[in-house]
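Below is one structure, written out as C-alpha cells; the observations come after it.
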Amino acid sequence: MNTTELQYDPQDVELKAQERWREKKFDQVGEDPSKPKFYLLEMFPYPSGKIHMGHVRNYTIGDVVARYKRMRGFNVLHPMGWDAFGMPAENAAIENKVHPAEWTRNNIRAMRDQLKRMGFSYDWSRELATCDPEYYRWEQLLFVRMMEKGLAYSKRSLVNWCPKCQTVLANEQVEDGYCWRHSDQEVVKKEMDGWFFKITDYAEELLEWTDKLPGWPERVLTMQRNWIGKSIGALIRFPMEDGGDPIEVFTTRQDTLFGATFMCLAPELPRSREIAAGTDQEPEVRAFIEKTLRVESYLRASDQMVKEGVFTGKYCVNPVTGRKMPVFIANFVVAEYGAGAVMAVPAHDQRDFEFARKYELPVVVVIQPTDRALDPDAMTEAYVDEGILVNSGEFDGLPNREAMDRIVDYLDSKGLGRRTVSYRLRDWGISRQRFWGAPIPVIYCDKCGTVPVPESDLPVILPEEAQLRENGGSPLPHLDSFVNVPCPRCGGPGRRETDTMDTFVESSWYFARFSCADYDEGPLDPERVNYWMPVNHYIGGIEHAILHLLYSRFYVKVMRDFGLLKVDEPFTNLLTQGMVCHETYECPVHGYLFPSEVSELKCPVCGGPVTVGPKVKMSKSKRNVVDPAVLIRNYGADTVRLFCLFASPPERDLEWSEQGVDGASRFLGRVWRLVTERMDDLRNVTPYRMETPLNGILKQLHRKTHQTIKKVTDDIEDRFHFNTAIAAVMELTNLVYKVLDESEESDKAALSVAAEAIETLLTLLFPFVPHIAEELWMHYTGGRELISRPWPEYHPESIVEDEIEIAVQVNGKLRSQIVVERDADRETLERTALSDERIRKWLEGKTIRKVIVVPGRLVNVVVS
RNA sequence: GCGAGAGUGGCGGAACCGGUAGACGCACUGGACUUAGGAUCCAGCGGUUAAUCACCGUAGGGGUUCGAAUCCCCUCUCUCGCACCA
C-alpha cells in the first residue's frame, strides 16, 4: 500500500470507527467490584429535535472525561437519556397536528443519531425517556409514598400563572416577574388548588450540606444558600386591642421591639381582607388591596416603588410597652416571607422610617449609637447599626447584640413569643395544568376525600389518545374516560386528578435510575444504585444552579430517607460549563439576521448597513445559532470536538469562531500527514524504549514526549483544562515534524524516537478526537485498536532537563540568561551569573548589595 | 443596595506556589512550492524606535518585596446571582 496517497476523509474515518465501537460494545458496563467505579454524567437533553452547540460542548467535555477514565482503568458509567415531557411537544402538537408522543419519539430518534454521529461513548443499553410509563410509574410510586409521609400535600394558594403556558409555575421558574420560558409573558397571581412537595422540611439539611460539597463551584453553592435564605429571629405575638386574634410577626430584630410603633400587613394575606370588614374603613382598605395586587409583584419589589399603605382602623398592642399600634396594610410587606406581617420600628429600619414620615407616625429611638445621640424628630434616615438600648425598660444599657437573646428569652418566659428560624425557601409547587407530563396519581372521592392511587394500580398512564385543544389548555379534564374512575377506597364515583407533575420532578432522580434503568421491581435496584451512586462528576449549564440542582439534592435526601439509596448528596463534583456565544448581526429595519446570510455587512433584505452586535449566547431569537449538523458534514465530528475543547476552558463562555474551526481542522490534517507520510519508515522501527542514551534534538523529543504525558494527564486530572492539554499535544506534534525534517530518511534512531512520540500523541489525543486517533493507530500498528489501550505513563527520569536556562536579573529586571547544569548549586549559579558578559556590563561602577539565587529558576543581583 | 467572579497583544487564551509575561491557536505580514491556491511548508508578529543589548507594558492609582498579571489598600469597568426578607 502506498500510504502517502491516504487522504484524511473525516466522514469515512468516523463512520468506520463508530461502526467498530458499536459492535464491540466498549461503552456498556456492568457492576464490577474488582474495579474502581466512576459515574460520569452530563445533564440529559430535552428532545427538541436536533442538538445545538451547547449540547455538543457539554457532551464533548463529558466524553473526554469518560474515555480518559476508562483508559485509567475505571469502570465508567456514562449514560444518556431524554428529559422528554414538557411544553414544546404540546406546542408542536397544536401547530403541526402531530401527537406530542410521536413528535417526542421522532425527535429522540433524530437526536440519538446525532449524538452517535459525534462519537460520544454512551452506554445506550441504559437509555431512558421520562415520558415512558416504565419511567414515570416509579415517580408516581414515589409521589404516593411522599403523600403517606406528608411530604406531598395539596393546598389552595396564590400561585404564579403563565397565561402562555396555561399553567402554574414554581417560584423558581419566575424570573423578574416573567415566565422562565416566555421572556415576554408576565406571570400573574391566581388562587388555585395544587400539590406541593415539602422541600422546606429539608431546608436545614440542604443548607448544611452546602458546606460539605467541596467539588461544587462556590458560585452555585452561594446561589443555593441565598435561595434557601435562612434567618434566625423571633416570632412575636401582638394582641389586638379589640380582643381579636393576635397578629404574629417574624423579626430578626427583636432587640428593637420597644421601638415598634405600628404594624404592617401584606395585602395578600386573607387577614388583610377581613380586618376592616364592616367598618367605615372597609371600602378604602378594599380599594388599596385591589390596587396593590393589580401591580405585578416584580414591580412592587423594585426600588422605584413608593411605599404606600392604608390604615385599617384597628390597633394592636405592643406586648412589652403596651403602646397602641395602628395596623396598616402596606405594599412593601412580602406575603411569602416570615408571617407576612412586619412590626414597624421606624427609628431603626429605613422602610419603616419612610413609611412613618409619610403617614406621620411616631418614631421611638431604642438604640443609641455610642458616638452621638439620636433625636427622633431630627432624624432623616433610620439608624440601622449597632448601639446601646434605651427606652427599653429593663434592657436599657445592653448592647443590642446581647439584647437580641435576652429579649427573646423574656418573650418566651412570658408566653409572648419564641425563637424561630425562617427560610426564604417555599414548598415546591409541582401541579401543572398541562397534558404532556406524568399524571399525579390521586383520585378525589366525595366520601373518602383525596385518595392516592394504590401502588398496584400504577402507573396512571397518560392517555395518548387525547386530542389537544387549540387554546393550549390540557385536554385531560375533558376526557371522561380518564377523569371518571371508581374511588379505590369505597368503590363509589371518583374523579381523577387531571394535573400533571412539573417536569423537574422527572429530572430530580433520573441520574439514580440510570444505574438500573431496566429494574422492574421498584424505582431503584438497591444493589446497583448503591454501587454506582453518587455521580462522581456532573456536567451541565449554570442555568440550572438553583432549579434542577436543588430539587435533585432534595429528592435524593427523600429517597435516602425512604431507604431507596444510601447517599446524602447526588453529585460529588459539579462542573458548570459556560455558554456558547456568537456575535449578532442586526439590521435597523429588519432586526436580527442569520450570520450566514450577511455579506459585507449588508442586509440581505434591504441592502442597508448591518451592525455587528455583542457576543451573546446562541439563540433562535438572536438568529446567531450555528447548526452542529452542518459542521459535522463539513468538517467531521473530531474537528467539532477539538474546536469546542481548544477554544476555551470549560467553565468559561466559548466564543464561536469559523476560523477556530478551520484551525482545529488544520491541526488534525497535520497529525494525519505526520503519521501517514512516513508510515512505511515508522513501521520498520520499534519505538524508542530507552535502550540507548540519546543526545541533542532526539533527547529533547524523548523528553518532550514524556513531559507532554505529564502535562496532559495533569490538565485533565486536576482542572479539566483541555485547552492547555491540547496545546501541549500541538507542541509535541510540532517538534516531531522538526525532528523528522532534520534527520536523514534512514536515521533509525530518529525514527525510533519519533515513533515513540507519535504513539504517545495518538494515545493522548484519543479522548479528545477518538476517531482519527484510532484510525491512525490502526494504520500504524497494522490493525490493532486504540480504544482498549491504557493511558500512557511518563518516566520521571525522562522529563527532567539536564541543562536549563536560568534568568539573570539586575535589580529585578531581566538582563541575561545563562545555561547551566540542571542541579547546579547556588554557588555555581551565582558565579556563572556574575561572570556573564552582559551582566558584567550592568554591574560596572555599581556596588553589589545582595545576590538572590533561586536554584532552577533565576539569579537576581541587587546593586546600587 | 448586597453577594460572587472577572479585567493580560488585533482576537480566543497561557503563565498552577510571588521568579524569563504573552505558551498554543486564530488573524495579519513576508517568503517557498506552484498553471493556480482559500492547500501545504518556512519565517516574523505587545508598544515606542531607523535600530538596539534601551525604554514602556497584564483596567487605573498606591503599597509590600531583591522581584508582583499573581499578595494588600483605593478607584474604575464589565458579567452573573439575589434584591422592600422585617
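Keep in mind it's a predicted model, so treat the numbers as computed, not measured. In what follows, chains are A, B, ... by sequence order, proteins preceding strands, each numbered from 1.
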*When you match A:D715 and A:S657 each to their closest nucleotide on RNA chain B, which lands nearer the 5' end?*
A:D715

*With respect to the phosphate group of B:G13, does any side-chain polar atom (N or O) of A:R652 fall under 4.0 Å of OP1 or OP2?*
yes

*asked:* What contact category does A:D662 fall into here, base, sugar-phosphate, or nothing, at under 4.0 angstrom with non-hydrogen atoms?
replied: nothing

*asked:* Looking at the base of B:C66, is there any donor atom on it, or on the side chain of A:K850, that sits under 3.5 Å from an acceptor on the other one?
replied: no

*Pick base, sugar-phosphate or nothing for A:Q809, based on heavy-atom distances below 4.0 Å to the nucleic acid.*
base

_Nearest to the side chain of A:S648, heavy atoms from C-beta on, is which of B:A14, B:C56, B:G13?_
B:G13

_Give me the distance, rounded to whole Å, that separates B:G57 from B:G22 when you measure between the P atoms they each carry._
16 Å

*Assign A:R815 to base, sugar-phosphate, or nothing according to its heavy-atom contacts below 4.0 angstrom with the strands shown.*
sugar-phosphate

*Classify the side chain of A:N226 versus the base of B:C82 as yes if they form a donor-acceptor pair under 3.5 Å and no if they do not.*
no

_Please give the distance between the P atoms of B:A43 and B:G25 as a whole number of Å._
12 Å

_C1' spacing across the pair B:G1 / B:A83, given as an integer number of angstrom_ = 8 Å

*Roughly how many Å is it from CZ in A:R666 to C1' in B:C41, rounded to a whole number?*
13 Å

